[in-house]
Structures are given as structure tokens and as C-alpha cells.
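Chain identifiers are assigned alphabetically (A, B, ...) following the order of the sequence lines, protein sequences preceding nucleic acid strands; residue numbering begins at 1 within each chain.
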Amino acid sequence: MAHVGTAAAAARQWPDDRSSNLLEVDRLQLAIDGVPLLSDVSFSCAPGEVVGLVGESGSGKTLTGLSVMGLLPRGAELGGHITFDGTDLVSASAKELRRLRGTRLSMIFQEPRASLHPARPVGKQIVDVVRAHEPDVPAAAARERGVELLAQVGLPSPRRTLNAYTHELSGGMCQRVMIAMALVCRPALLIADEPTTALDVTIQAQIIALLRRLADERGLSVVLISHNLGVVSDLCSRVVTMYCGQVVNDDRTVELLRRPRHPYPSALLRASDVDLDRARDWAGIAGTPANPARPPHGCRFHPRCPFRTDACEAAVPPLEPTASGGMTRCVRHAELDLVGVAA
Amino acid sequence: MTTTVADPAAKRGGTARPTKRARPHPGLVVAVTVLGALLLAALLAPWVAPYDPLAQDLVNRNGGLSAAHLLGTDQFGRDVLSRLIWGGRNAFGGVLIAVGVTLVVGVTWGTVAGFWPRFTGTALMRLADIMIAFPTMVLAVAITGSLGPGLTTSMVAIGLVLAPNTAQLTRSGVLALRERQFVQSARLSGVPAPIVLVRHVLPLALRPVVVQLTIYTGLAFVIQGVLSFLGLGVAKPTPSWGSDLSDAYSQILSAPLQIIAPGVLLGVVVLCVYRIGDALRDRMSSGAVRTERTEDDVIVA
Amino acid sequence: MAAHESATLAGKPTDPAPPGGGDPEPAVGHGRGRLAAGGLPRFVLRRLLLFVPTAVGAGLLTFLLVKIIPGGPAYAKLGEEATPEAIAVVERQLGLDRPLPEQFFGWLGSALLGDLGMSFQTGQPVINLIVNALPVTIELVVLAILGTIAVAVPIGVYAARRADRPVGRWIRSTSGLGLAVPDFFLALVLISIFSVGLGLLPRLGYPRLTEDPVGNLYHVILPVLPMILGGSAIVIRQVGAAMVDALASDYCRTARAMGLPERVITWQYAFRAALPTVLNVVALLALGQLGVTLVLEKIFVLPGMGSALINGIGVRDYPLILGIVLVYVAIALVVNLVVDIMAGIVDPASRGA
Amino acid sequence: MLAVDDLVVTYGGRRDPLRAVDGVSLSIRRGETLGIIGESGSGKSTLAAAVAGLTPVTSGRVRIADADGVPTDVPATVGRSGRVQMIFQDPMLALSPSLPVWRSVAEPLAPRSLRVPGRFRARAVELLGRVGLGPEQAERRPAQLSGGQRQRVTIARAVAASAPVVMCDEPVAALDISLQAGVLRLLDEMRAEHDLTYLFISHDMTSIARLADQVGVMYLGRLVEVGPVRAVLGEPRHPYTQALISAVPSVARAGRGRERTLLPGEIPDARRPPSGCRFRTRCPFAQPRCAREAPTLSADSTDGADEHRTACHFWPQIRNGRATPFTAA
Amino acid sequence: DPSGTAGGAPDPAGTVNVVHGSTPNQFDPCGTLNGSELAYMWAVYAPLIRSNPVTGELTPGIATAWETAPDGLSLTLTLRSGLTFQDGTPLDATTAAQSLEQCIALGNQTVPGLEGVTAPDPQTLVFTLSSPSSGLVDLLGSRLGLLASPRAREAEGTAFGSKPVGAGPYQLTEFVPGSSIRLTRWDGYQEAGPPPGKVAAIAVQIITDPSAQVAALTGGQADYGYRLESSAAAALRDVPGVTLSNEIGVAISDLNVDRSQGPLQDVRVRQAISYAIDRTAVAAAANDGLSDVGSVQPYPPGHPYHFDDLNGAYPRDLAKARQLLAEAGYPDGVTLRGVSLDGANFQNNAVLIAQQLAEAGITVNFEAKALPDATKSFYTDHQYDIFSTGMNSGPDWLTIYRRLLATTSSGNAGKVSVPGGDEALAQLNAATTPDQLEAALRNATQVLQDQLPIVPLYFTPYVAAWTDRVAGGPDAFAINGEADFTALGVMSAG
Ligand SMILES: Nc1ncnc2c1ncn2[C@@H]1O[C@H](COP(=O)(O)OP(=O)(O)OP(=O)(O)O)[C@@H](O)[C@H]1O
Ligand SMILES: Nc1ncnc2c1ncn2[C@@H]1O[C@H](COP(=O)(O)OP(=O)(O)OP(=O)(O)O)[C@@H](O)[C@H]1O
Ligand SMILES: [Mg+2]
Ligand SMILES: [Mg+2]
Ligand code: NI
């Protein structure tokens, strides 16, 4: 197995028992056409756990999801390990990956309408998934499973929906169809890449409720990618924060909200907070987002960090365990007393 | 005659990755060099061409390649190389006329139609639809057949035939841009409509038109050849690639290799022009303004 | 308030029954884009009705075009003998002395009823001449298009799947070469190779399809080949481009994420999505090839529409020119109509417009 | 400063009209900001465009205070140009891609010349400096700037036009969350500095809470609730506003229970809105009266000074039921 | 005899496939000859007097005998009896007279001095004249004598040209302009000059492209080809099984001049043009070396009406040309507007001539135009000074000399009289003895050479070729380049 780079080889201890994890991403590195885009991404997801992956635009959330799925574009070089259910996905063959996709691992995307074929009835697309993995299932039975799932994801008149084209459905309905499609072969892990960003808040709330119910009822593990901390904190028990191609923080949601250990998620939290009393303290983050292709020296967040010291610039901080039981990538995590929102 | 086609890369939704954008377009340098050399040769024909393109040597008719005549002589004993060099003037000049006509007529047409979209625009676009309904070649032949053969008429005919496509493209650009927010911002700032048109709309609306016109340049070379081949092109004895090719074809029995030089030359020029068109399209599509895929991308003559 | 409790849903499937009496909003098919009531037939009918003004416009355009042809049929008939008196006689015989609008509407009226008038040259109904010539041209175009599809679609799809590998780039640039070579030059080259050089294919001759189908096909190979090669260059590029787009699309990514086999993704997803583009290209190509036949009919001495048109222009046979151009336009419109209908079938979202 | 009376904007032909804005009345005082929230398609952008004169108005009037503060009718596009500016969601689309940004900024200074004269450059650079962009960035084209910087350019441009009223149509929605606050702060500073009046559209509660003084809530082309920001967001009266606010995912609420008002179904087709109260098809409290009778905006009759008005027949009853307040405050 | 080399006997049920290298437009002998239509007319119509297409010798046609009255003021023809036209109309003196009247009324052909045609009895046709016309018999042996069914011509009107009805051995059964023509043997044919059809059908394809002509003849698509391009001759010369015939014919390529306006009003300018041209070189270059006989006479060497001693007129002499120009007031040269028919030959002539004229200081830019456009702009609109075209001298000297010299000639743009021309024509018409005729022809030729109402270039070479399947190939090759289809037969395949 090829390892790209030598950074981030620091020893790390997992808060939980590693073997119990369904998905384990370990020091994942990714370069496309020689441009490094992910460096040192590590997190895990236990069975039935809903993990949030947040970070600003371009921080590499989608690429992380695609790496797990093995759907990276040509020219991508992966390093590190992705262990899913005991299989290393980095070294898995294309055939192996294809067998896993849809059956054990599924992914849904941000633009629900664009992510379904415009000229194929959505039911057919669901049937396609069933037939691809279980060729023996007769078409009628596959359709029945489709109907069942559409009902489960809360679509009214699922039978009619099965014959509908995407342009006849609203964005929320398309997203539900896509979720149904992703679940039709009962995968263990669902990676949801910003499933609600394109939707209206009321519809967004429906989808979030749906995902939570599926996780609760089916024991489905979910990795929820979002840049909206509100959505993530609503749904996830644990939040992994990425910045510029790295995981910078990984903590239980309650801990994160109560007392973030890293300045970046702390700033994000305050930026997404709506408190009428504190509305006019313009909590933003100074500077511009970092580009993973040309990262700053040392701690990648330091140019925008109000708490930076010389040490921050010197070397890339390792991902270290925190007092709260999470992991963080900040040399000052122990000394800083950052404010949460739920204080 | 030939169909030209949108470059696929242009239509892809995403922005080009920086690494790819930086790469020079393959073959572009070659294409520009070749075209530039041919153009230069044509411009400098009096000094470059070894012979007078009209000088006949009736003793040495259909002479093969020789040191004196690098590409041989034609049916009237004229030096083929000199004719091709001089022919470049008519070929380039003619194509310039054709593309110029297309540009002026098509852009005016499309701008007017896009700017007064209701009645005038509908009427004008109806006319364009009708003209586009004629197969390009048929219309070109009909117009040239009507006006009588000759360089100018045939080239004006080509220009006119291609103009409605340009009009459509211009109009769709103008229409799309009219609704663009920066145009609205300009109008909110009190900029009068004609100035908005000139300052904001046309420069962008014309970008795809420029690409289209490059493609049409290639097309015009081909149609010029076809019309000459049908006897509707440049009057003899004026040298022009198309009519030289058709002259060569008339000698195909006695001198079958004569068609190669003008034929290959025509093909090379068209290839170079298309290559440049490809490159231009890639360049332009990386900019912010992209119009939707329309039928104009495929122009079939 | 009883409704209150049940409405606060914390994670049960939402029930579509709308609270409060009122018309329930249909869950499926709301909003834009549905096939209007009446569906496809109405869509076709509307397109057919649009045909009429276009045909009239095209007729007028052709008519004006014909009128600017210098010389005129009387000169063609009389040649050197064209004294003003003789001209006047012939023009009266041909009905050319009537006012232009009268001529136009007279012609249009009968043309819409299927009567294209009598050829000035032969005195035969123009429609007869067209009925003889049309099948030749149509045969060429149809065979060219079928051949092009058979050749270009698989290659285009193949090239798209390997778009960023050398094979894909090679196919793309080679097809770019195909674009640049003028069809008639290609025809001459092919003649030199297959007819003159190898003696494999006949250079001339056109047994009617109805009389000698095998011989007919054998004889049209050479004329059709340049069209197939030229057309393939276009279709390969267009299909390739559309397929590259489609393969990179979000829905194909979804299909991959669901573990569908690449074959299914290529053909049932990407190609299905590229189909409207393919149809469009093929339609435009068909119209372009209609123009190409002009030259090929001349080179291969085929008695098609192009020959008839060029001959008609030569002798200023107005009714024939008008008739032929009108037929060309009609073909163009029919092709567009067929493509629109097929696009309507292929692309469900486009039907409403 | 700005008064809109019974504004109706219709799209589409006679056959299948769409009343994107249907009888909206509102007014904004000088220097204040009216935030508009509502779901996609509720007519927020159309309202702004109509006020700016970019979309033909079907009926209703728009008045803008003149120099003396007297509200005057400004009917046509031409009349409104120079008095209203607009800041759009996507700054990339709002700037001419081929011009250096200073020219875009200077454009309102020289509306009638074919090319913006160089002598306005200094003023443009000065304005760009005000929004935090250096002179060297002034020469760049929009594509060479980051999203936040571009939006700053459009703000500079709006200021350059010295129009008293500015429509902000989701000015930060396209920006990364870490950049939003900066732009919002800039808007706020400009408002104070130039005495601007904003109509601020967003479906993001955070931005509304930060910038707006008053909030209007739109649903299917109608204003269903309007009032001071604290009142509307803190004690929403209309069931739609309640649902909307409770649906907003919020870190502040994350720890605290998960129950919330989930609206069933989808937004109805705007071409065929429900009769009576448009929200009734999704309203958990709908009664037969709602289908018959369209409610009008009304305030709490017990409180004469109440600026908080709601278009719901039953809001007083609902207030006593189980509503989900927005913040802990 | 090449036609005898193939096996088998002539097959009366066979079909000859013919390639025709130029484009016939219509088949009414009284219409205009614009392309190459005579071969079809000879096959479809029976002539009053048959002029042998190959030798020009006059032999009986519908008329078995003819006699000019001693005063030269009438001509009496004795017709065969029992003939009918192809539509069943009886062919007797009455219908013959009707047909001739229709023909003259169409205005394309004139008979000088003709007062009327009468039919005293069904077998006797009498032409009465106001003045003697020695050319009348020749005229009746040409197009004028091809009798069309008067009933059909009446009925068809302008369409008759494509639905001809004559009394000849073949009927026209298919005509696709510019593409194909089919002649089918008429079984009702009774001997009226031409021999009966030797084949059941003659299927003609119009092919103007030389390479296609060669391909057709070598690839088995055609058995007989005529009016082929001269470049085809070289390619066919050594093909086994193909016989080639190429000769100069009674047709000339020429420059028509408009004497009504511009510099060409001055005969010296016309002469200067004539001196500036190297006719032999032009002929050879334009015709792949097939013709090298340039001459300023309408009939080629070897023809009875050719005068060898007049052959030396206008050798190329640039000095003389310049001098004549100077005398005419153009010492610095002259610029003329030229038009050319759009056929390849005419354009090539124009190219060659333009270059040679330029050397004498005469600048001509030729534009190529289609026939209707060219004739209108040259003859009617006087837009050009010279016109690169060609003319068929035909067997009857009357037609050609009239065309060249008469003030009223259709070829005389502007109808400017040729000094001495009308007198020369009168002398020709009055000639009754061979000696008188020769003197008159010589005089007419001299007027032509002096006045140059046209500038003749060279005799057009004609190329015909046939395969071994064809019987009677040489007999079918007419001196004017046309084919005598009635002579064509085909060997049975066996
Ligand atoms: N195919 C690719 N080739 C090269 N670079 C890529 C590719 N896909 C993404 N990138 C780059 O990788 C970085 C991370 O992209 P990614 O899509 O994972 O971000 P993200 O966190 O999902 O952002 P967003 O919130 O905007 O979706 C970006 O800088 C992007 O430009
Ligand atoms: N140019 C137009 N022509 C026809 N209908 C339009 C047009 N623009 C908007 N609409 C329709 O008018 C309604 C209101 O649109 P508008 O853009 O004002 O909504 P919005 O509240 O701004 O939504 P969003 O939050 O998505 O921006 C929608 O149903 C929309 O489909
Ligand atoms: Mg992403
Ligand atoms: Mg909007
Ligand atoms: Ni390894």
C-alpha cells in the first residue's frame, strides 16, 4: 500500500474501541493530478452512529466522501487507509468497490434533481439498483421494494411517484427518492453530501427528520456532510470539522457546543448562532479560506486565527486527544477557553 | 458541406481545473503558424511566388513536379505553386468577405431581434428560421446560381446563408444577457439602454459569435471550394484554391495528381482554422459567460 | 385543537392528507412540464400548423430569389434569338407577364394543394420530376445517416469513455481531421482508391432501388461513403462531447454510487441522456447531407434533386426551382418535426414547451 | 422612505398567469432595514425587482421619498434608476465579467458615456478602499476576486450610485459562512454612513436577525406577517412563521430536545394557489374558514402601538397553543 | 472494322446505352438549338430532304424528288404517300405545309424570300419565293425540313419541345432534363429517309464530367459516347475494346463581338484582336491537342465550302495588332468587357485568349455566365463587348452566313450592318450554278474576314467513342459532332 507523504504520522489514540467501527478513515491523503487536496483526514463511524463532517467550502468534505466510495476522478492518488467493515477500500479492486456500493455503502448528493436521471422514471432507477446487485429478483418484486421504500421515506402515493420523472417532482421529493434509492439494498453506511443545502428550510427539516428516523430505526450509520453547523448539530452525535484538507477537530456534539477545543469550529459556531441579543456582534472569521493546494505553513488555520502564536506557524500540529474525549489539532487546545453557544 | 461542431469541452458545467487551463491547446501553435505562413505568403505573393500566376506556357501543360515548377504546371502550363500562393489572396479575401457579411448582417440582425424581442424580434427570427430551414449548401447554390458566379457574389452568398445562424446566436446571447444582473445593475445606475448594449451586452454576446465565426471561416473555405467545383465560384483565370481544385479535377484524366495540392491545401487550412476555433472556444468558455447549448453549435452546410 | 398534536411530527412518515377542507394538491405532477392535455398528438399538430407559415415564408423567399435570377426562362428558351417580341410571347405563354403578387399567390395556392405547376422546360408537372429525383437523394441521405450512426455512435461513446486517455484524444483529433476535408475532395480520393485503383466499387451507374435492389446498393456505396466519413467526424465529436458531459453528470455519479455496472451507466444512463443531442446532431447532419448530395450527385452522375436543381437553375425553370427548393424546405421541416417528436419522447421534460 | 401599496406582479401570459407578488403593502423608514424571509418561490426576489423597477408591475404603486422626504410615485424604470440600487445574491453575475471592477463601480458616476472615463477611477478606488479592497484589486476582473471581495465590489457600486434605497437580494447566501459576517457588517456600516434604507431579502434567519429592524414573512406571493425583528422572530404569530423558524436548524437549539413543528407536504403550485388563506393546505391549524376567507394583516387589537401584524384568522388562539419560540432570550 | 470484332450478330431487341457529353434542352426542331439536340431530332423526325449526317450529301427523305423552277421562284417537292406521324396524324403535303408554317411562325428560322408553302395535292408541296433562293434545298435538308406533327405541336404548345412527335424511326419516351433521355423504336415507322431503328431503345445518359464519361465507357455503363470532353479522348485512346473518333467538325469556337458600341465599333480593333490571337495554340491548349486548326472561315479544311487559299488570314502578329489599335485611337491599349458561357470550353478559351490579348495591350476580364444570363446581358443589355461562345455552322451555308453577315441576324448584337454583308448574302441567294455559288461563298468569306462580325477561333473538335458491342459506330459519327442514332446497332451478348 502506497503512503503519500510522511506527515501526520503522529501516533493517535482512538477514543473508542477501533474494532467496533464500521468505517474508519485513517490518515487519508489525496492528490489529484499531483495537487494535494486532502492531507491527514482521520475519523471513524460506529454502526448506527450519525457523524457530521463540517467545514468551509473547499475544505475537502466531498472529496473525503468520494474517497470512501471510490468515486474519485481520474488522476487521483490516495494514501492512508479507509477501512470499511474490515475491508480496506483504498486497496480494494474496482469490482470489489462496485459490489460494495449500493449494498453496503451508499452516497447521496447535494443537488437532488440533478442527481437523478431526467429521462428515466425514478422507479426504474430504483429498480436498476436492485437488479444490479440482486439480478435474480424479478422486476415486479424490485418495484415492490421500491414502492415500500418510497412509502418509508414519506412520499405520498409512492406508486405514482415510481412512474414519475424528476421534472414532475419537487426538490424535496427528489431528495427522498434518492434516499430511497440509496437504501433499497439495505446498506450499512450512508454518506449524505449536503443533502439539504438546496432545499427550503421547511423541506430541509423534513429530510433531517427522515434521516434521523432511518438512523434510529434501521441502525444505519450516516456520515452527514454539511457546512451548516445547525443541521449537523441537530442530527449528529459527533461532529468532525475539516479545514483545508485536514481534520482539525472531532468531538461529541454536546461537547463541541459547550466548549469547542479548536478556534476554527468555535468561530464557525458563533457565525452560525442566531441570538437576537448578540446579533450585532459581527462574529465572522477574518481573512480568506485557505487553498489546500497551497496550504499555509504550520497550522493551516493560523493566518485567520485570533489566538495564534509563533508555535502555530512552526509545524503542523498533530491531532491530539482532548480533555473532552475528542481529538483536536491545536497546539493551544488545553489552554484556550473557547466559548460555545449552549453556555 | 461539412458540419462544424461545438467543442465538447466548452459545454461542460464545471470550471476548468487550474492545471488544465494552463495547458496550451494542442496543435494550436502549429495551426497558427501554418495559417500565418500561408496568409503571409498570400500577402507577399508578388515577391514570394516564383511565377506570374496567369502566365501561360502552352508548351509545358500539365507538367509534373520539377525544380523549375515545384508543384508542377496546370492545364495551361501555369505554375501551380504560384497559383496557390496567389490563390491564397482570393481564398482568404473571399472568406473575409463571407465572414464579414455574416458578421455585419448576422450581428445586426440578432442584436435588433434581441433588443426588440417582441414584434420585430419575432419577425426577424421567423425569417432566420426560414432561412435556416434551407440546407445551407442548397441556399448557397441557389443564391450564387441566381446572382451569377464570381468571387464576390459567391462569397456574399455564403455570408448571407450563414448570417441567420449568427443572428440566432447573437440574439440568444443578447436576450440572455439582457436579463443578467450586471445589465440590470447598469440600468439601475441610470445607464441608457443603447449604452448598456454596447458596453455590457455586445462584448459578451459576441464572444460565442467569434467562436462561431471561426468555425464559419473554415466552413466558408469549404463552401468556396464546393461552389467553385460546381462552377459557381471565382471566375477563371483568377487563381483561387477552390477553382484551382475544380480545374485540377477537370484534368483528372490526364494529370490525376493535380488535385492533390489544392485539395490538401484546402483541407489543411480548414483544419487549422477549426483548431483555432477549438482553442478559442475553450478559452472563451472558461470565462464567466456561457450561453446554453443551442442548435447553432452544429452548423451543417 | 386536535389537529395540533398530530401535526407536530417528530419523525413519522408525513401524511399527505391536507388538513382543513380543500382541494388536495396532487403530489405527483405538480407544477411545470407535464405534457399538456392531449399530449403528443397535440404537440405534433401544433408543430404541423407551424409548418404552414414557414413553408409560405420559404416559398416567398425562394420566389424572390428566383425572380432575381438574371436572364429568365425566356432567354433560356430563346438564346440568341431573344428579341423583345419573342421574349414577350414566351413570357406570356409562361404566365410571367402577370403581376408578381399574383404569380406568387397563384403558385402558392396550387403548391399548398400539392400542385407545383408545370416545368417551363419540359412541360411536365414539376411534381413528376421531383417524384423521380427525390428517392435518389433521399436514399443517399438515409443510407449516409444510417451508416454514420452505425459507425459514429459506438466510436463516439467509446471515445467519451476514454476521453482523457490517448485513444480518446486520438479519436477526437482524427475526427477533427475528418471535419476539415471537403466532402467532394474525399469523394475524389475514394474514387481514386476504390474505383480506379482497386476496381472494387463502381464509379457510375444507378439501377433503381425498386428494380435492382442489390445492384442499387452496390452502386451507391461509393457516393455514400464520403458522406458517412464526413458525417461520422461530426457525430463522433458531438456524441463524444455529449457523452463526456453525461458521464460526468451528477446522475451518473449517483448511479455509480449505487453500484450500477459501468455498462448500464454508459448506455442506459449516459447515452440515454445524450440521446436528444444525438438526435439533434443527426437531424442537422441529415439536412447538411442534403446539401452535400448536390456535389456528390454531380460527381457520381446521379439523377437526384441536386442534379435537377442545378439543371433547373441553368435553364431558369422557375417552377422546377421553386418546387425543388420547397421540397428541400419541406424535408427540413419534416426532419425537424420528427426530431422534435422524438426528442419529446426521449426527453420527457421538453414536451410541455 | 419607501412605501409599497398593494403591489401585484404577474408573470406569464394571459392564459396561465402567475401572481408572483400578490397584493403586498409595506413601508420602510429612512435608515431602517426591512428583512424579508420566506421559502423559495414565495416572491421575495420579484418584490425587490418590482420595487427597483426591473420587473413590470401589474398593479399597485411604489413611492420613494424625494430629497425633501416626501414620498413620490416613481413609476417607470427610468424614474427609479438612480433612486434604487440592488445587490444580488451572486456577485459574479452582478458584475460585468470583462471589465476591471473599478469601472463597474464607477459606472453610476458616468452613466451616459460609452466607456467609463478614467477620471472617475480615483473615486472608484476610494470607494473600493472603503469596502476593504486595495487599488491593485481595483484593476482586477471579477473572476480574479474571491466571492466575498466581489460582493464588496457590488456594495461599493451601490454606494457609488448614491441611491437612498438599496434592495439586497440574498447578498450573502452564496458566500461561505465564514465570510458572511464580514459582508453583513459592511452593509451595516454603509447603511449608517450613507443613511441608506435596505430591503433585505434572505431565507437565512441569522442574517436577518443581524441586520434587519423589521421583518416581513412571505408565503406564495403574500406577506403573512410583518413586524419588528425581535417580535417576529421571537414570538412568531403566524403558524407559517412559527414553522419556518422552528425548522431552521440551529446550533442554539441543538442541545434542547428535538420536537418541532414539521410542515407536511410541499409548497403548492404558485399558478394555482389555494383559495382563502394560502397557507391552509399545510397549516396544522386550518379551519373551514381559512378556505373561504383570505386573512388580512392585522395587529394585536388590545395593543394600539403594536407594529407586529399577522395575516391569520386564528393567530391569537394559536399563540396560546404550543408554539416554538426561536431563542432562549 | 471495329464494329465487327465482337462476337454475335446485331440484336434488334437490344438497347444501346449512350453517353452524351452535352446537355440537350428541347426537341422541337423549330425551337432553339442551345445545347446539342440534333441527334435526337434526326431520330425522332423524318426530314423532307435527308442530308446525310456524315457526308452532307442530300438524299430523299419524305420527299422523293425536288425541283427548282427555272426562274428560281418556286420549289416543288414530291412526297411519299402513306406516311403518318407518330401520333397517327397523316403526313401528306397539307400537314407538311402546316408543320412548316408553324415552324416559321415560331420565328427561330427564316427562309429568305419565302412567300408561301402550298399543297396542290397530297403528294406535292410547293414553295413559292419572291426572289431566287439557292439555299432553300440545303435549308430543307437541315432542321427546317424535320417535320413535326402539326396537331401535336398545336396541342402541346410550349411543352412540345419535351414531347416531340415526328415521323422518324424513334420516339422520345423519357426526358429527364440534364440527366437522361430514352428513345424507343417506333414500330409504325415507314421509310422516309433515315433507315429504320436498329435497336429497340437508345438510353442516353447526360454526363459532362470527362472522368465520368471515361468511366461510363470503360466500366460498361455505356456503349457509345459522343460530344465527349476532349480530355476524355486521351484517356480513351488506348483502351482495348474502345474505338475513338475525334475530328474537327463544322462548328467553330469564336468570340462574338458587339459592334454597336464601344471600341469594337471600329473594325481595326476587331482586327487587332484577331491578330493578337494564336489560334493554333489556343485550339491545342483548350482541346488537349485535339484541334490545331484555327481558321477564319466557317467550314473546316476538307469541306466543300472551305477555301484553302483564304486560310492564311490573321496569323498571330502582335506588332500589327498594336499598330491597328494605335490607328484606331488606342495607342495605349484598350480594355474590353468580356463574358463567357459557363461551359468549361468557353471559359478555357476565355482564359487563353485573355492572356494572349493582354500581350497586345488588350485587356479583357471575362465573367462566366449561364446561357440565359449571358445572352440577355450581351445581346439585349449590351453589357459586354465580347462574348466567348461557339456556333454550329451546320450543313447549310445559308444559315451560317446569314447569321454571320445579315443585319437582322440574331447573332448581330445591336443589328449593325456588316459592310458588304447583306450584298454578299444576296449574291449567295441568287447563285444558281455551282460556279456562282463558289464565287458567292468566297466573297462572303472574305467579307467575314475583312469585317470580323465575329472573331472565329478554331474548329471545334468532336470526340466520340464506342465499345465493341456497338455496330455502326463510325457511321453514326456526324460531321457536326452529333450522333446519327439511326445508324447505331448493338451486338447481342452471345
Ligand atoms: N476533480 C478534482 N480535481 C481537482 N481538484 C478538485 C477536484 N474536485 C475537487 N477539487 C478541489 O478540492 C478541494 C476540495 O473540494 P471538495 O469538493 O471536497 O470541497 P467541499 O468541502 O466539499 O466544499 P463544498 O462545501 O464547496 O462542497 C477544492 O479546492 C476543489 O477545488
Ligand atoms: N421571469 C419569470 N417568469 C416567470 N415566472 C417567474 C419569473 N421569475 C420568477 N418567477 C416565478 O415567480 C415566483 C416567485 O419567484 P421569486 O424569484 O420572486 O421567488 P423568491 O422568493 O425570490 O425565491 P428564491 O428564494 O428561490 O430566490 C416563483 O414561482 C417563480 O417560479
Ligand atoms: Mg462539497
Ligand atoms: Mg430569489
Ligand atoms: Ni498502506
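- Environment of CD in E:E174: crowded, with over 12 heavy atoms of neighbouring residues, nucleotides or ligands closer than 6.0 Å.
- Here the closest non-hydrogen pair linking E:F175 and C:T122 is CE2-CG2, 3.6 Å.
- The contact between C:L129 and chain E is made entirely by side chain atoms (from C-beta outward), counting heavy-atom distances below 4.5 Å.
- Taking the salt bridge (Lys or Arg N to Asp or Glu O under 4.0 Å) definition, one finds that C:R208 meets it with nothing, sequence neighbours left out.
- Heavy atoms closer than 4.5 Å to chain C are found in the side chain of E:T380, but not in its backbone.
- In this structure, the side chain of C:Q121 engages the main chain of E:N25 through a donor-acceptor pair within 3.5 Å.
- The candidate from C:S119, C:P202, C:G123, C:S307 with the greatest count of non-hydrogen atom pairs under 4.5 Å with chain E is C:G123.
- Contact of E:Y379 with chain C is made through the side chain alone, with heavy-atom distances under 4.5 Å.
- Taking E:G157, E:A212, E:G161 one by one and counting their heavy-atom pairs under 4.5 Å with chain C, the maximum is reached by E:A212.
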>> Working note: C:V301 + E:D209, criterion side-chain contact (heavy atoms from CB on, under 4.5 Å); need CA distance, chi angles, decisive distance, verdict.
In response: CA-CA 9 Å; C:V301 199; E:D209 176 340; 5.5 Å; no
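- For E:N256, the part sitting under 4.5 Å from any heavy atom of chain C is the side chain, from C-beta outward, and nothing else.
- Looking only at side-chain heavy atoms (C-beta outward), C:R203 and E:S211 come within less than 4.5 Å of each other.
- Counting heavy-atom pairs under 4.5 Å between each of E:K369, E:K376, E:E156 and chain C puts E:K376 at the top.
- Contact of E:I206 with chain C is made through the backbone alone, with heavy-atom distances under 4.5 Å.
- Identified under the salt bridge (charged side-chain N to carboxylate O under 4.0 Å, His left out) test for residues 292-318 of chain C, with sequence neighbours left out: none.
- Looking at E:S377, neither its backbone nor its side chain comes within 4.5 Å of chain C, counting heavy atoms on both sides.
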